[in-house]
Structures are given as C-alpha cells and as structure tokens.
Amino acid sequence: MRPLSEAVSQVQMPDLEKVYNDLENFARAVQGVTGLEILEEWRRKLLGRKSGSLARAMRHLGDMDAELRKTLGQALNRAKPAVEETIALKKAQLEAYKASRPAVDVTMPGRQPALGRVHPITRAAREMIEIFGRLGFEVVEGPEVEDEWHNFVALNIPPEHPARDPLDNYYLDDRLLLRTQTSTVQIRVMENRPPPVRIIAPGRVYRPETVDAGHSNMFHQLEGLWVEQGVTFADLKGVLSMFARAFFGADVRTRFLPSYFPFTEPSAEFYVSCLLCRGKGCPACKGSGWMEVAGCGMVDPNVFEAVGYDAEEVTGFAFGFGIERPAMLKYGINDIRLLFENDLRFLRQF
Ligand code: 2NL
C-alpha cells in the first residue's frame with residue numbers, strides 16, 4: 001500500500017479532486033472487499049480506459065503548464081501500477097478463499113421437508129381395515145380391469161340382468177370392463193384357496209354416473225366375506241354391529257332391512273342411526289333418523305358353485321360398504337367431488 005498512498009499524496013490538486021478522492025476511497029475500502037465483482041467495479045472506476053478517473057485526469061494534463069504537467073504526470077503514472085498491484089493482490093486473496101471454502105456449510109440449519117398427509121379416503125379405509133382386522137379379516141386386493149366372469153357371471157348376475165347394460169358400465173372392449181364392485185377380488189380368492197376365508201377387499205370401483213355433490217363415477221368400496229362351516233346370519237349381524245360401534249361411535253344404533261342382491265340370499269340393507277341428528281330426523285337422513293351404509297347377506301349357493309365351493313359343506317356372509325359416504329359423514333365433508341379434485345387447500349385440513 002505504500003506506493004499507493006505516496007501516489008495519492010502527489011495527485012492532490014484542486015482541479016483533479018475526483019481522482020484524489022477515488023484513490024483515497026479505494027485505498028480505504030480495498031481490504032474490506034469481499035467479492036470479485038466489487039473489485040472489478042473498482043478497476044473500471046479507476047483504470048477504465050475511457051471513463052476511469054486516472055484516464056480522465058491524464059486528459060487534463062495537456063491543458064497544464066509544463067512543470068505541473070510533469071509532476072502530475074509522474075504521480076498519475078506511479079498511481080496506475082500501484083492500483084493494479086493492489087487489485088491483483090486482493091483478487092488472488094479472494095480466489096484463494098473461494099477455493100478453500102467447503103462446498104457445504106455443515107453448520108447451516110437443515111431445510112424443513114414438506115410433509116404430506118393421508119387422504120381422507122385412505123384414512124377412512126385404514127380405520128375400517130383396522131377394525132375388521134381385529135375381527136380376524138385379512139385384506140386382499142385385485143385388478144380394477146376385470147372380465148365378465150369375475151364381475152358378473154360368478155356373482156350370479158345373468159346376461160340379461162340390467163346391471164350388465166353397456167350404458168351402466170365402463171366396457172373397454174367386448175370382454176373387459178372396469179370393475180363395478182370389489183366382489184371380483186373375493187371371487188378370485190375363493191377360486192384360488194379352499195375355505196375357510198375371512199377377507200375384506202377395499203378398492204376403487206367404477207360406474208358411469210352423472211357426477212354431482214353426492215355421486216362420483218369412481219368411488220371406493222370395502223367388501224367383506226366370511227365363509228366357513230356354520231357361519232350364520234347372526235354372525236353377519238354381530239360383525240356389522242360391532243364394526244358400526246367401533247367406527248361411528250359406541251352409542252350408534254343399527255338395523256337390518258330386507259333387500260335383494262343377485263349374489264346373496266337372504267339379503268339386507270344395513271343402517272346406522274343418523275350420525276348428524278343422532279336419529280331425530282334431519283335433511284341428511286331425509287327425516288328418517290337412519291342412514292344406509294352397507295348392503296349384505298348370506299352368499300348365494302350359485303356363487304359357491306361358480307367358485308367350486310360345496311354349498312352343502314360351508315355357508316358364508318358378505319357385505320359391501322361404500323367408503324366415501326362414511327368418510328364424508330365422519331369428517332364433515334359435504335361434496336364428494338372435493339375428495340377427487342386434489343385441491344391442497346382442502347387436503348391440508350386433514
Ligand atoms: C352394496 C352391496 C354387497 C356383497 C356386496 C358379495 C361378494 C361375494 C359374494 C356375495 Cl364374493 N356377496 N358382496 C354382498 C351384498 C351386498 O354390496 O350396496 N354395496 C355398497
């Protein structure tokens with residue numbers, strides 16, 4: 001720095017105040033420079049060919065008398081290499097630091113990972129699975145693209161049955177369709193292992209429905225099947241009643257009304273006391289105090305025959321819950337479409 005301050009003292013001329021100030025400021029600031037870009041700015045400011053302060057000062061020399069020109073010229077000529085040397089030293093220093101600095105600062109606090117959530121349908125399904133698990137039911141899964149045998153024929157749904165109408169199903173070609181219930185999975189299990197079976201089949205099912213607040217053309221079902229020697233309708237009532245108390249609350253009431261399904265005989269609809277009005281009657285239960293949550297019944301002997309089980313040897317019951325409606329009632333969701341739009345503002349609430 002000595003040659004620079006010497007130079008600075010020698011260019012101290014009133015009409016060349018700027019170069020003096022710039023050089024002095026540079027001399028003061030250079031130790032504290034932390035970036036190559038700032039150093040480059042200084043270089044341009046002082047040494048730039050056209051508008052650097054040294055070059056500007058030089059251009060004044062011609063206007064001065066000989067002696068002043070000589071003194072000043074010498075001072076400016078000495079200042080130039082002094083500035084260059086100082087910049088070069090600082091540059092080397094900054095580059096050395098940059099090269100030696102570790103690439104990762106291990107002392108920096110970590111980034112908070114964005115945690116996802118469990119979708120309300122998944123949450124409801126898991127709760128249902130957990131409860132049936134305690135009752136000894138095993139979870140099975142199967143394909144969503146099915147053939148007519150597993151979706152209809154084996155379930156005792158004959159070719160003329162309205163459920164097979166092409167307008168009520170998503171057929172992919174004349175053989176395959178998207179399954180309309182998860183019974184297909186239970187048929188596959190019975191085809192592949194001998195009784196007893198005690199299984200539940202949760203999963204997506206598809207029906208061409210007009211979508212509104214209460215209907216979706218894709219929804220979730222959880223079907224159950226218990227086949228064993230001596231299983232009765234009383235077992236069915238016991239299992240579904242225990243499930244309802246565990247899932248909806250200990251004080252929920254239950255009832256079974258006669259119904260019809262091609263794959264069960266006898267068949268019933270399973271109701272729980274309305275979860276919103278606790279049975280008093282409200283718009284959600286259409287004033288009845290009851291909500292239907294499942295269909296059920298004793299497995300039809302024709303189904304056993306289709307899968308190769310001996311209907312004289314075993315009996316069984318089956319049931320089918322939708323997952324959306326119980327989930328919506330439990331978590332206070334009033335439009336089924338919210339469940340499938342994947343709007344984070346909705347999903348973050350669970
Ligand atoms: C409903 C009706 C039900 C079944 C599903 C079933 C499965 C086999 C054999 C016999 Cl492998 N039945 N499943 C039985 C009765 C009703 O679901 O309305 N679900 C929402």
Side-chain angles (χ1 to χ4, degrees), residues 121 124-125 128 132 137-143 146-158 161-163 168 179-207 209 214-228 231-233 235-237 239-240 243-244 247 256-272 290-309 311 314-329 336:
I121 290 298
M128 295 167 92
F132 282 115
F137 286 82
E138 167 199 351
V139 174
V140 290
E141 289 183 303
E146 268 294 1
D147 49 42
E148 293 189 289
W149 169 259
H150 292 96
N151 202 74
F152 299 123
V153 182
L155 285 163
N156 198 33
I157 305 173
H161 195 280
D168 289 331
R179 69 184 180 192
T180 53
Q181 63 244 21
T182 57
S183 331
T184 53
V185 182
Q186 296 162 306
I187 295 295
R188 286 175 180 280
V189 170
M190 289 191 284
E191 284 174 332
N192 287 301
R193 50 167 122 144
V197 296
R198 202 191 309 177
I199 53 179
I200 48 172
R204 290 169 183 261
V205 297
Y206 303 83
R207 291 177 195 174
E209 300 231 35
H215 299 87
S216 169
N217 59 350
M218 183 281 296
F219 56 100
H220 295 75
Q221 248 197 352
L222 185 144
E223 283 208 12
L225 174 74
W226 186 343
V227 181
E228 193 164 341
V231 170
T232 68
F233 202 98
D235 297 311
L236 166 60
K237 290 186 76 175
V239 164
L240 289 192
F243 168 80
F247 187 78
F256 292 80
L257 295 194
S259 186
Y260 173 81
F261 300 109
F263 27 84
T264 46
E265 183 60 35
S267 304
E269 281 157 12
F270 178 58
Y271 288 76
V272 293
W290 294 97
M291 285 175 158
E292 191 203 335
V293 290
C296 59
M298 300 306 291
V299 178
D300 193 288
N302 289 344
V303 175
F304 283 144
E305 197 193 323
V307 298
Y309 279 16
V314 290
T315 51
F317 67 78
F319 54 85
F321 283 90
I323 297 180
E324 276 74 7
R325 213 147 60 92
M328 289 166 71
L329 288 166
I336 195 170

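Start at 1 and go down the list; that is how both ligands and their atoms are numbered. All heavy atoms count here, side chains included; hydrogens, waters and symmetry mates do not.
Given atom 6 (C) of ligand 1, the protein heavy atom at minimum distance is Ala318 CB, 3.3 Å. Looking from atom 13 (N) of ligand 1 to the surrounding protein, the closest heavy atom is Glu223 OE1, 2.9 Å. Looking at atom 17 (O) of ligand 1, its nearest protein heavy atom turns out to be Gly320 CA, 3.5 Å.
Contacts of Cys296 with ligand 1, taken as heavy-atom pairs under 4.0 Å, involve the backbone alone.
Residue-ligand proximity, Met190 to ligand 1, at heavy-atom distances under 4.0 Å covers atoms 11 (Cl). Residue-ligand proximity, Gln186 to ligand 1, at heavy-atom distances under 4.0 Å covers atoms 7 (C), 11 (Cl). Within ligand 1, the atoms closer than 4.0 Å to a non-hydrogen atom of Gln221 are 19 (N), 20 (C), numbered from 1 in the order shown. Atoms of ligand 1 found under 4.0 Å from any heavy atom of Thr264 (numbered from 1 in listed order, with element): 10 (C), 12 (N), 14 (C), 15 (C).
The existence of a salt bridge linking Glu146 and Arg188 is confirmed by a sub-4.0 Å separation between a basic side-chain nitrogen and an acidic carboxylate oxygen.
Using bins of under 30°, 30° to 60° and over 60° for the plane-to-plane angle, the ring pair Phe132/Phe243 lands in the parallel bin.
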(request) May I have the step-by-step check of ring pair (Phe, Tyr, Trp, His ring centres under 6.0 Å) for Tyr206 and Phe219, ending in yes or no? (result) CA-CA 7 Å; Tyr206 303 83; Phe219 56 100; 8.6 Å; no
(request) Check step by step if ring pair (Phe, Tyr, Trp, His ring centres under 6.0 Å) holds for Phe319 and Phe270. (result) CA-CA 9 Å; Phe319 54 85; Phe270 178 58; 8.9 Å; no
(request) Take Trp290 and Glu292 through the test side chain to side chain donor-acceptor pair (under 3.5 Å) and record every step on the way to the result. (result) CA-CA 7 Å; Trp290 294 97; Glu292 191 203 335; over 6 Å; no
(request) Show the numbers, then the answer: is there a salt bridge (Lys or Arg N to Asp or Glu O under 4.0 Å) between Glu148 and Arg179? (result) CA-CA 9 Å; Glu148 293 189 289; Arg179 69 184 180 192; over 6 Å; no
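When the shell of 6.0 Å around CD of Glu191 is examined, it contains more than 12 heavy atoms from other residues, nucleotides or ligands. The 12-atom threshold is exceeded at CD of Glu228, counting heavy atoms of other residues, nucleotides or ligands nearer than 6.0 Å.
For the pair Gln181 and ligand 1, no heavy-atom separation below 4.0 Å is found.
Considering Phe261, Phe304, Phe317, Phe263 only, the shortest heavy-atom separation from atom 14 (C) of ligand 1 involves Phe263. When Val189, Leu155, Val197, Thr184 are checked for heavy-atom proximity to atom 8 (C) of ligand 1, Leu155 turns out nearest.
Any N or O atom pair closer than 3.5 Å counts here, and Leu225 shares no such pair with ligand 1.
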